[in-house]
Amino acid sequence: MTELVWKMWKDDKGEDVAEYALMLAVILVVVIGAVRLIGTNASNIFNAASDQLTTP
């Protein structure tokens with residue numbers, strides 16, 4: 001049993017997957033935050049432009 005645990009401890013094949021998953025999670029959080037921030041600001045700008053176009 002100790003030998004199996006030691007062998008699993010030394011085996012680093014799964015670390016790549018964990019690193020990619022962590023990197024993907026960070027990128028998703030940044031992208032979602034940017035889209036939410038830009039989306040709100042873009043909506044406000046388009047609404048202001050629309051108001052200017054419809055007001056005589």
Side-chain angles (χ1 to χ4, degrees):
M1 181 70 178
T2 307
E3 186 175 320
L4 176 64
V5 171
W6 184 249
K7 187 177 179 180
M8 290 174 63
W9 182 265
K10 292 175 71 177
D11 188 15
D12 60 353
K13 291 180 183 174
E15 292 179 0
D16 292 337
V17 174
E19 291 169 356
Y20 285 128
L22 182 61
M23 189 168 43
L24 180 64
V26 170
I27 290 171
L28 283 176
V29 167
V30 169
V31 167
I32 289 171
V35 166
R36 290 189 67 168
L37 180 67
I38 292 171
T40 303
N41 290 336
S43 177
N44 291 339
I45 290 171
F46 285 122
N47 286 336
S50 174
D51 290 341
Q52 292 294 321
L53 291 175
T54 57
T55 305

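The basis for the numbers below is simple: all heavy atoms, side chains too, and nothing from hydrogens, waters or symmetry mates. Here, residue 1 is the first one in the sequence, and each next residue gets the next number.
The backbone N or O of Gly39 sits nowhere less than 3.5 Å from a side-chain atom of Ser43 that would complete a donor-acceptor pair.
Under the side-chain contact (heavy atoms from CB on, under 4.5 Å) criterion, Phe46 pairs with Ala42, not counting sequence neighbours.
A side-chain contact (heavy atoms from CB on, under 4.5 Å) with Val31 holds for exactly one of Val29, Leu28, Ile27; it is Ile27.
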